[in-house]
Amino acid sequence: MDDTVALVDCNSFYASCERVFAPDLEGRPVVVLSNNDGCVVSRSDEAKALGIEIGVPIFKCGRLLLNSGGRIFSSNYSLYGDMSQRVMETLSAFTPSMEVYSIDEAFLFLSGFSRTALTDYGRKIRKTVRQWTGIPVSVGIGPTKTLAKIANRIAKKDPRLGGSFNVRGHPRIDAILESVDVGDVWGVGPRYARLLRKNGIFTARALRDAPDRWVRKNMTITGLRTATELRGTPCIPIEEAPPPKKGVVSSRSFGSPVESLDAVLEALSNYAATAARKLRAQCSAASVIGVFLATDRFRPGPQYANFITAKLPVPTSFTPDLVRHARALLRVIYRPGYSYRKTGVLLDGIIPEGNAQLNLFESAPDERQAELMRTVDRINDRLGGDTVHLGAEGIRRAWGMKRLKLSPCYTTRWNELPVVRC
DNA sequence: TCTGGGGTCCTAGGACCC
DNA sequence: TCTGGGGTCCTAGGACCC
C-alpha cells in the first residue's frame, strides 16, 4: 500500500503573521513574545541569524533587536488563530484527507503520485499558501509521519530545495538519517536523547537500526513506534477529526503580582468562563473541577502553592455553575499575605453533553440554561471573545496580561482592518 | 528588567474485589 | 504458626508534543 504523508509547517508562524500585515518588516528581524511579554516564542530568520534563541527573556535581546532594525510584538492569538484557519482551508484543497496537528502544522495524506511529481506537488502547495494567505510554509514528504517530519526539517534548512523535500524511496535515505541528530527526531525529547546517546545511539539512523527489544524496554511502546516509523512502516495514523479533549485547562500568569482575594477571584472567574466555553465548543460537560493558585517561584519572598479538586454534583458546562464552584474552591486554598503570580481552572471527568448521569437529588438539566449559553457563545463568536461576560469576571482587570506591543487584530475586528491608501 | 500555556500517551503501583 | 493469587480500576508521575 502506498502510504504517503506530507507535513506542511508554517515558517516562523507568529512572526510571519505579523509580517503579512506590515510588509515593511520583510527582510528585517521580527520576534513575537510569550504572554505578559516575557520571552521570545517566535523569530523570523533574520532574528535567528542575530543569535536570538527561542525562550530567551526579551530584556536580554531587545536592545540588539531594535538596534538591528527589528520589531518586537506581543502575542496576538486572535490574529494567529484566524490566519491558521486560512492556511488550513487552503491546504484542504490539496488532499481529501488531512489532520490539523497544531496551530501551524498539518499532515496531508497524499497518494497516487510518482516520486518526482510529489516534490513538485509540495512546491505547488507552498506557492499557493503563500499567494492566498501570505504565509511561507515548508513541505516534507515521506512514507510515515516521523519521516515526513524529518523531510520537513531538511526542506526548511536547505534553501536550494525550494521549500519541499521528499524522502519517500530516496536512494540516499541512510545518509539522510545519518545526518539527523537523534534528539531532533519527532518523539525523542531531551530525556530519551540523553539515554540514547549514553548507549551509543547518536543519529536517527542508529535509532532506526536499534534492536526492537532494547527500544521497547527503555522507551516504551511509543519509542518502538518511532523506530518503526523511521524504517518506513506507518504506526501513527492520521486523525482527521480530533477526538474531544479529555481535560480542559485555563490558566494564565498575572500581568503584575496580585494579593487581594477579590482580584484573584475575578481572574479565576474569567478563566473558568474560558474553560466552560471550550467545553461547550466540543459539546461536553465536566464532572470534576480543579483550581490552583501559586506565587512566583522565580521571585524572592514567601512562597505558596496549592491545588484542590472537587467532584461536581452534576456534570455541567454552564458557565455560572462552573464559576461558582471555582470561586468556592479558591476560597478554600487562598491565604492572605502572599503576592500571587498565577491561578487557573482545570476541568476533568469530561463526558459528551446530554449523556449526564442525573443525580437523584438534582433537577434535570435546564434547557433554558443551555439556550442561554448558546446565545452568549454566538454573540461572543461574532463580536469578540468578551462582549458578554459575567460581572464576576471584572471590568477593569488590573490582573490582566501585559501586552504592550500588541499589533491590531487586522482580520477579526472591523475597526482594526488594515487601510490601503492610494 | 524576567522565565508561557495547553495538551497527549504510557506505565507502575496501590486499592479493591472475589 | 500462618496469612493465596489473579484480575480490574484508578491515580500519579514521567515522558513527549507544539
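Basis for what follows: all heavy atoms, side chains included, without hydrogens, waters or symmetry-related copies. Within every chain, numbering begins at 1; the chains are lettered A, B, ... in the order of the sequence lines, protein sequences first and strands thereafter.
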Response to the item:
Per the under-4.0 Å heavy-atom filter, residues of residues 79-89 of chain A near DNA chain B come out as none
Item to complete: Return the nearest nucleotide to the side chain of A/Ser253; candidates are B/dC9, B/dC2, B/dG5.
Response: B/dG5
Practice prompt. Using the criterion of both pairing distances under 3.5 Å for Watson-Crick and G-U wobble pairs, give all stems of 3 or more consecutive pairs involving DNA chain C.
Written response: B:5-18 with C:5-18
Discussion item. Quick test of the criterion, 5.5 Å between centres and less than 30° between planes. Is A/Phe59 stacked on B/dC2 or not?
Written reply: no
Worksheet entry | NZ/NE/NH1/NH2 to OD/OE distance under 4.0 Å, A/Arg28 and A/Glu46 | no
Discussion item. Categorize A/Val185 for me: base, sugar-phosphate, or nothing, with a 4.0 angstrom heavy-atom threshold over every strand shown.
Written reply: sugar-phosphate
Worksheet item: Have A/Ser284 and A/Glu353 got a donor and an acceptor in their side chains that come within less than 3.5 Å?
Response: no
Discussion item. Distance check needed: B/dG7 C1' versus A/Asp104 CG, whole Å only.
Written reply: 15 Å
Worksheet item: When all nucleic acid strands are considered with a 4.0 Å heavy-atom cut-off, which category describes A/Val41: base, sugar-phosphate, or nothing?
Response: nothing
Worksheet item: Among the nucleotides B/dG7, B/dC2, B/dC9, which one has an atom lying closest to any side-chain atom of A/Pro57?
Response: B/dC2
Fill in: Same-atom distance (P) from B/dC17 to C/dT3, integer angstrom
23 Å
Practice prompt. Can you label the angle between the A/Tyr14 ring and the A/Tyr77 ring as parallel, tilted or perpendicular, going by 30° and 60°?
Written response: perpendicular
Discussion item. Check this for me: does any side-chain nitrogen of one of A/Arg153 and A/Asp184 sit under 4.0 Å from a carboxylate oxygen of the other?
Written reply: yes
Worksheet item: CZ of A/Arg252 versus P of B/dG4: gap in Å, rounded?
Response: 13 Å
Practice prompt. Look at the side chain of A/Val249 and decide which nucleotide, out of B/dG7, B/dC2, B/dG5, has an atom nearest to it.
Written response: B/dG7
Worksheet, complete the sentence: Per atom distances to the A/Lys402 side chain, the nearest of B/dG4, B/dC2, C/dC18 is B/dC2
Worksheet item: The side chain of A/Pro190 lies closest to which of these nucleotides: B/dC10, C/dC16, B/dG7?
Response: C/dC16
Worksheet item: Which part of the nucleic acid, if any, lies within reach of A/Gly223 when heavy atoms closer than 4.0 Å are counted: base, sugar-phosphate only, or nothing?
Response: nothing
Discussion item. By the 4.0 Å heavy-atom rule, please label A/Arg194 as base, sugar-phosphate, or nothing.
Written reply: nothing
Worksheet item: Can you tell me how far C1' of B/dC9 sits from CD1 of A/Ile236, to the nearest Å?
Response: 11 Å
Discussion item. If I pick the C1' atom on C/dG4 and the same atom on B/dC16, what distance separates them, to the nearest angstrom?
Written reply: 16 Å
Worksheet item: Over how many whole Å does the gap from A/Tyr101 atom OH to B/dC9 atom P extend?
Response: 11 Å
Worksheet item: Could you give the CG-to-C1' distance, from A/Asp37 to B/dG4, as a whole number of Å?
Response: 12 Å
Worksheet item: Could A/Asp45 and A/Lys156 be called an ion pair, given the rule that one side-chain N must be under 4.0 Å from one carboxylate O?
Response: no
Discussion item. Judged by each residue's nearest nucleotide on DNA chain B, which is more toward the 5′ side, A/Lys245 or A/Arg216?
Written reply: A/Lys245
Item to complete: Starting from C1' on B/dG4, measure out to CZ on A/Phe254 and report it in whole angstrom.
Response: 15 Å
Practice prompt. Kindly point out which of B/dC2, B/dC9, B/dT3 is positioned nearest to the side chain of A/Arg225?
Written response: B/dC9
Fill in: Residue whose nearest DNA chain B nucleotide is more 5′ - A/Arg341 or A/Thr222
A/Arg341
Discussion item. Which label fits A/Tyr271 and A/Trp399: parallel for a plane angle under 30°, tilted from 30 to 60°, or perpendicular past 60°?
Written reply: perpendicular
Worksheet item: So what does A/Val56 touch, heavy atoms closer than 4.0 Å: a base, only the sugar-phosphate, or nothing?
Response: nothing
Item to complete: Kindly point out which of C/dC16, C/dC18, B/dG6 is positioned nearest to the side chain of A/Tyr192?
Response: C/dC16
Discussion item. If only side-chain N and O atoms count, and only distance matters, is there a donor-acceptor pair under 3.5 Å linking A/Asn35 with A/Ser253?
Written reply: no
Worksheet item: Below 4.0 angstrom, N of the basic side chain to O of the carboxylate: do A/Arg231 and A/Asp212 qualify?
Response: yes
Worksheet item: Among the nucleotides B/dG4, B/dC2, C/dC18, which one has an atom lying closest to any side-chain atom of A/Arg299?
Response: B/dC2
Item to complete: Could you tell me whether A/Ser250 contacts a base, only the sugar-phosphate backbone, or nothing, with contacts defined as non-hydrogen atoms closer than 4.0 Å?
Response: sugar-phosphate
Worksheet item: How long is the line joining CE of A/Met219 and C1' of B/dT11, in whole Å?
Response: 15 Å
Worksheet item: Taking side chain as C-beta onward, heavy atoms only, is A/Arg277 less than 4.5 Å from A/Thr319?
Response: no
Worksheet entry | Separation of atom CD1 in A/Ile221 from atom C1' in C/dG14, rounded to whole Å | 17 Å
Worksheet item: When you measure from the side chain of A/Glu393 to the backbone N and O of A/Ala273, does any donor-acceptor pair fall under 3.5 Å?
Response: no
Practice prompt. Assert yes or no for the condition that the ring centre distance of A/Tyr101 to A/Trp186 is strictly below 6.0 Å.
Written response: yes
Worksheet item: What is the nucleic acid contact for A/Lys278, judged by heavy atoms within less than 4.0 Å: base, sugar-phosphate only, or nothing?
Response: sugar-phosphate
